[in-house]
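Labels below follow one simple rule: chain letters A, B, ... track the order of the sequence lines, proteins then strands, and each chain is numbered from 1. Just so it is clear, the values below take in all heavy atoms, side chains as well, and ignore hydrogens, waters and symmetry mates. Owing to the predicted nature of the structure, the values given are computational and were not obtained by experimental measurement.
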Amino acid sequence: MLNLYDTATREVGPFTPIKKGEVSIYVCGATVQAAPHIGHIRSAVNFDILRRWLNMSGYDVTLIRNVTDIDDKILQKAAQEKTPWWALAMKYEREFTAAFAALNVLPPTYEPRATGHITQMIELMQILIDNGSAYAPGNGDVYLEVRKLHRYLTLSGQRIDDLMPATDVDAASSIKRDPRDFALWKAAKPGEPSWPTPWGDGRPGWHLECSAMAHTYLGESFDIHGGGLDLIFPHHENEIAQSEAAGYGFAKRWLHNAWVTQSGEKMSKSLGNSLLVEVILQNVRGIELRWYLGSAHYRSMLEYSQTALEESAVAFRRVENFLKRAAEITGSLPKCEVSTSFAAAMDDDLAVPVGLATISENLRLGNQAITDNDVSEISKNANEIRGALEILGCDPFDKNFTDFRSADLSQAMDGVIALALKERTSARERKDFAASDAIRDGLLALGITIEDTAQGPRWSIMEKS
RNA sequence: GGUCGGGUGGCCGAGAGGCGAGGCAAGGGACUGCAAAUCCCUCUACACGGGUUCAAAUCCCGUCCCGACCUCCA
């Protein structure tokens with residue numbers, strides 16, 4: 001039985017989907033205005049682990065992850081770069097997609113773009129205006145009237161009057177009925193992209209698209225809404241406000257992932273401490289970065305350091321190496337099996353760190369079994385490790401991580417290295433250790449490690465870092 | 001000002017009243033021609049001050065420190 005945290009109640013409780021056997025999830029994806037940093041990708045990895053665990057638990061999961069491809073920053077940046085806004089948005093959307101793929105994040109069931117759902121946004125605004133929750137002051141803007149909502153700010157636990165007064169210079173002369181009313185729709189300024197509406201030409205305001213798209217693909221109520229911690233207010237409060245005012249039940253449960261930090265501070269472009277995915281991937285493989293980002297609990301801050309990342313990568317290679325050896329010894333790839341201890345950890349609000357401890361136990365027992373040449377024990381532990389890695393999205397045998405060209409190359413190399421190892425073995429047999437060590441050192445200089453195992457010598461390519 | 005989250009050994013990172021999660025690093029040992037890999041053993045913690053309790057890293061009160069959000073951040 002899966003237990004999950006809910007930001008709305010701040011408690012961990014049993015998860016029961018609306019429809020038996022099905023889970024609907026909406027995750028706030030990227031606003032494609034810059035290249036993805038590892039914080040963005042951590043969010044995707046966390047929700048991917050949730051999704052994989054739900055799948056493994058027998059649920060049919062529908063996951064919608066949006067792309068916000070129109071907003072102030074996109075327009076602003078496009079103007080700076082003298083690029084059409086849609087070209088800029090597309091460029092970064094591709095970068096996000098590439099980063100997700102490099103980290104083996106499963107593609108969402110659907111990935112709707114804001115600009116493709118203007119019709120649905122207009123319909124939603126019409127409902128809100130008709131029922132008196134929203135108003136159009138006549139300049140082309142449309143606002144939601146927050147004072148009319150009963151449950152506004154219950155997710156973040158704030159009170160309207162406690163919010164810091166808007167620093168907006170126009171606040172005094174504002175056409176808003178209350179300074180806290182937020183824009184569903186913004187009138188187009190000259191030169192800005194716009195779409196026609198009954199209230200004037202304009203563009204989406206405060207992430208109206210998330211409410212509209214969640215409704216379009218998941219219906220009036222759905223099981224889980226996810227996103228980063230910093231979206232709780234105002235973004236998610238506003239989504240709730242828009243959707244509930246329209247009469248929708250909206251999300252039953254809220255999950256928020258914590259950040260990747262550096263020196264305790266949140267990673268962010270504006271702080272200048274963001275680490276781009278493509279830069280990190282020059283030093284570690286995607287599977288290793290994923291292992292690192294997934295290794296902390298999703299609600300805990302992950303304090304980034306180069307050292308921690310590298311150590312994590314080494315730890316992963318140890319697990320990977322065991323699986324490869326197990327496959328060599330048993331003559332077949334391990335199967336994916338989920339141990340009861342790993343399952344218990346995942347069922348407890350996705351306690352990945354506890355799950356990793358069970359993998360360590362499997363690893364120790366599995367390595368011991370290799371020493372003892374106990375094939376069934378090797379298989380058992382290898383299967384359980386592979387099953388756990390599959391859920392974490394870090395299965396080294398996953399075809400998304402397997403490069404077939406390098407697999408062919410490695411076969412050819414195997415033959416070549418075997419020739420050298422044959423020489424080394426005969427040198428060792430005649431106790432000519434100078435000769436045998438020269439061969440080993442020569443291979444090492446090429447980045448090839450030789451290990452003498454009970455089953456004979458074994459070679460592997462050293463990973464960088 | 002309001003709201004929320006933190007401070008755990010050299011490092012990373014769980015736990016949330018009761019046998020010291022786990023990993024990395026360090027030291028010792030086994031194995032090995034030497035290595036590598038692996039296994040075994042050992043060590044080091046709960047920001048500070050009070051309180052509750054048979055028992056507190058965990059609950060309560062206070063203090064200090066760090067971070068986040070407060071109208072277009074994952």
Side-chain angles (χ1 to χ4, degrees), chain A residues 7 10 27-31 33-34 36-47 68 70-74 146 153 156-168 179-183 186 204-207 226-235 237-238 256-261 263-271 292 295-297 299-303 305 307-312 314-315 318 321-322 325 345 351-361 363-368 370-372 428 431-433 436-437 440-441 444 449-454 457-458 460:
Chain A
T7 306
R10 316 219 178 247
V27 177
C28 284
T31 299
Q33 42 121 337
H37 60 61
I38 59 175
H40 295 121
I41 294 303
R42 179 190 183 190
S43 179
V45 166
N46 286 155
F47 287 107
T68 295
I70 177 101
D71 92 320
D72 284 357
K73 279 192 184 158
I74 292 173
V146 295
L153 303 180
S156 57
Q158 301 174 99
R159 297 184 320 162
I160 292 182
D161 295 313
D162 288 341
L163 296 182
M164 261 186 165
T167 48
D168 192 6
R180 278 90 175 182
D181 289 352
F182 59 89
K186 302 176 99 165
W206 192 288
H207 293 253
L229 209 50
D230 43 2
L231 297 183
I232 294 174
F233 183 85
H235 185 155
E237 290 287 11
N238 290 0
H256 291 95
N257 66 277
W259 298 298
V260 178
T261 57
S263 311
E265 288 187 320
K266 161 190 181 182
M267 187 168 293
S268 114
K269 225 173 146 43
S270 53
L271 287 172
Y292 174 64
S295 65
H297 187 96
R299 285 192 281 118
S300 297
M301 301 293 170
L302 177 62
E303 172 67 20
S305 77
T307 314
L309 172 61
E310 282 168 7
E311 282 176 0
S312 171
V314 170
R318 216 172 144 248
N321 197 36
F322 166 71
R325 283 197 70 189
V352 173
V354 177
L356 295 182
T358 75
I359 292 177
S360 291
E361 177 73 0
L363 186 61
R364 192 174 61 79
L365 295 173
N367 277 321
Q368 185 65 257
I370 288 178
T371 306
D372 301 343
R428 290 182 72 204
K431 309 251 187 236
D432 183 355
F433 297 121
S436 72
D437 288 353
R440 187 173 63 196
D441 293 346
L444 188 64
T449 313
I450 301 304
E451 296 162 37
D452 294 316
T453 73
R458 191 174 172 271
S460 54

Original post:
Between Ser156(A) and Gln158(A), is any pair of side-chain heavy atoms under 4.5 Å apart?
Top reply: yes

Fill in: Side-chain heavy atoms of Lys266(A) within contact of Leu229(A), under 4.5 Å
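Counting from C-beta outward, Lys266(A) and Leu229(A) never come under 4.5 Å.
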
Counting side-chain heavy atoms from CB outward, which of [options] is closest to [X]?
X	options	answer
Arg180(A)	rU71(B), rC34(B), rG23(B)	rU71(B)
Ala296(A)	rA14(B), rC73(B), rC4(B)	rA14(B)
Asp162(A)	rA74(B), rG33(B), rG2(B)	rG2(B)
Met267(A)	rU71(B), rC34(B), rA74(B)	rA74(B)

- Task: Consider only side-chain N and O atoms of Gln33(A) and Thr31(A), and report whether a donor and an acceptor are under 3.5 Å apart.
- Result: no

Under 3.5 Å, is there any donor-acceptor pair linking the side chain of [X] to the base of [N]?
X	N	value
Arg428(A)	rG33(B)	yes
Gln158(A)	rG2(B)	yes
Asp437(A)	rG33(B)	yes
Arg325(A)	rA37(B)	no
Arg159(A)	rC70(B)	no

Is the phosphate of [N] approached by [X] (side-chain N or O, under 4.0 Å from OP1 or OP2)?
X	N	result
Arg318(A)	rC24(B)	yes
Lys266(A)	rC73(B)	no
Arg10(A)	rG5(B)	no
Ser300(A)	rA14(B)	yes

